[in-house]
Amino acid sequence: MQPLTLDFYQKYDTLTLAQRLLGCTLVHQSPYGITAGIIVETEAYLTDDPACHAYRKKTKRNAAMFGPAGTVYVYQIYGMHYCVNIVSGEEGVGEAVLIRALEPTEGIELMEERRRNGVSRVSSVECRMSNGEPVRHSALSPRHLCNGPAKLVKAMGISIEEHNGSSLLTGNLKIYPSVLKEFEMVTTTRIGITQGADLPYRFYVTGNRFVSRK
DNA sequence: CGCACGATGCTCT
DNA sequence: GAGCATCGTGCGC
């Protein structure tokens, strides 16, 4: 199976790309191993959209958004988390698709390890079942590994230093065509924003358990 | 289950 | 100095 090509990222407007990316698989081939997951939730950010980081002008932070379609845009949020976007649209126009949730398919143990690093371990260390088996930390159960934009960045080992501004066509981060034959899609307003809060730019796979929230 | 809240640091005003 | 495309925890039900 070949990864998505430049043509795929170029030929759709941002709202359509956000929908077409559902069902596709995000893969990171890192020195520590491969992690992958099916994209099940996205949000679109358009250039004339007040919630978009590129709404005002090009700055050092949002510069990657103005790159060609298929560029990766990673930014830090709330001082401690990171989110990843797929740049879309014409080069020079700041638009992108935020990846909000993945259904993990490969490298689950590596994902757990990355997510555990820096997270409270109280439950997994101190709590044990009656048979002595340690209780898995709730935040690290498969269902919660990638069900949020900052969670999946951490689980996948995506970093701002290595990936911001990189290309999905040539780097160690790639996207493969949809593995979901037919699925229903839900369209809603976006999560966690105040500006442009009423725009229906969020999309997710109906009924999927790995979506951040319904 | 749901809701409230604090952490934490960078970017832009 | 304000605001932020979030997350995990703790508490109440």
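In what follows, chains carry the letters A, B, and so on, assigned in the order in which the sequence lines appear, proteins first and then strands, with residues in each chain numbered from 1.
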Inset, instruction - For C:dC4, take OP1 and OP2 only and decide whether either is under 4.0 Å from a side-chain N or O of A:T194. - result: yes
Inset, instruction - Indicate the atoms forming the closest heavy-atom contact of A:H53 with A:N62, along with that distance. - result: O-ND2, 2.9 Å
Inset, instruction - Using whole Å, report how far CG of A:L152 lies from P of C:dC7. - result: 8 Å
Inset, instruction - Look at the side-chain N and O atoms of A:H53 and state whether any lies under 4.0 Å from the OP1 or OP2 oxygen of C:dA5. - result: yes
Legend entry - Base C:dA5 paired with A:Y75 side chain (donor-acceptor, <3.5 Å): yes
Legend entry - Atom pair distance, as rounded to whole Å: CE in A:M65 and P in B:dT11: 16 Å
Inset, instruction - Answer yes or no: does a side-chain N or O of A:K60 lie under 4.0 Å from OP1 or OP2 of B:dC10? - result: no
Legend entry - Among C:dT6, C:dA5, C:dC7, the nucleotide that comes nearest once only the side chain of A:Y78 is considered: C:dT6
Inset, instruction - Calculate the interatomic distance between A:L145 atom CG and C:dC7 atom P; express it in whole Å. - result: 13 Å
Inset, instruction - May I have the distance from A:N62 (atom CG) to B:dT11 (atom C1'), rounded to whole angstrom? - result: 10 Å
Inset, instruction - Under 4.0 Å between any heavy atoms, over every strand shown, what does A:Q76 touch: base, sugar-phosphate, or nothing? Just pick one. - result: sugar-phosphate
Inset, instruction - Would you please test A:E162 and A:S30 for side chain to side chain contact (heavy atoms under 4.5 Å, CB included) and show each step? - result: CA-CA 11 Å; A:E162 180 177 4; A:S30 86; over 6 Å; no
Legend entry - Side-chain N or O of A:R115 closer than 4.0 Å to phosphate OP1/OP2 of C:dC7: no
Inset, instruction - Sort out the partner of C:dA5 for me: Watson-Crick or G-U wobble, both distances under 3.5 Å, none otherwise. - result: none
Legend entry - Protein-nucleotide distance (A:I191, atom CD1; B:dC3, atom C1'), rounded to Å: 16 Å
Legend entry - Value in whole Å for how far the P atom of C:dT6 lies from OH of A:Y82: 15 Å
Inset, instruction - Could you pull out the closest heavy-atom pair between A:L110 and A:Y32, with the gap in Å? - result: CD2-O, 3.7 Å
Inset, instruction - Mind calculating the distance between OH (A:Y45) and P (C:dC4) to the nearest angstrom? - result: 12 Å
Legend entry - A:M80 CE - B:dT11 C1' separation (whole Å): 16 Å
Inset, instruction - Using a 4.0 Å heavy-atom cut-off across all strands, classify A:A150 as base, sugar-phosphate, or nothing. - result: sugar-phosphate
Inset, instruction - Kindly say if A:R100 contacts the phosphate of C:dT6, meaning a side-chain N or O under 4.0 Å from OP1 or OP2. - result: yes
Inset, instruction - Return the nucleotide paired to B:dT8: Watson-Crick means purine N1 to pyrimidine N3 with N6-O4 or O6-N4, wobble means G-U with N1-O2 and O6-N3, both under 3.5 Å. - result: none
Legend entry - Among C:dG8, C:dT6, C:dA5, the nucleotide that comes nearest once only the side chain of A:H81 is considered: C:dT6
Legend entry - side-chain hydrogen bond (donor to acceptor under 3.5 Å, both in side chains) between A:H163 and A:S166, worked out: CA-CA 5 Å; A:H163 296 106; A:S166 73; 5.7 Å; no
Inset, instruction - Give the cluster check for A:Y9 versus A:Y73: same hydrophobic cluster or not, with ILVMFWY residues linked at side-chain heavy-atom distances below 4.5 Å. - result: no
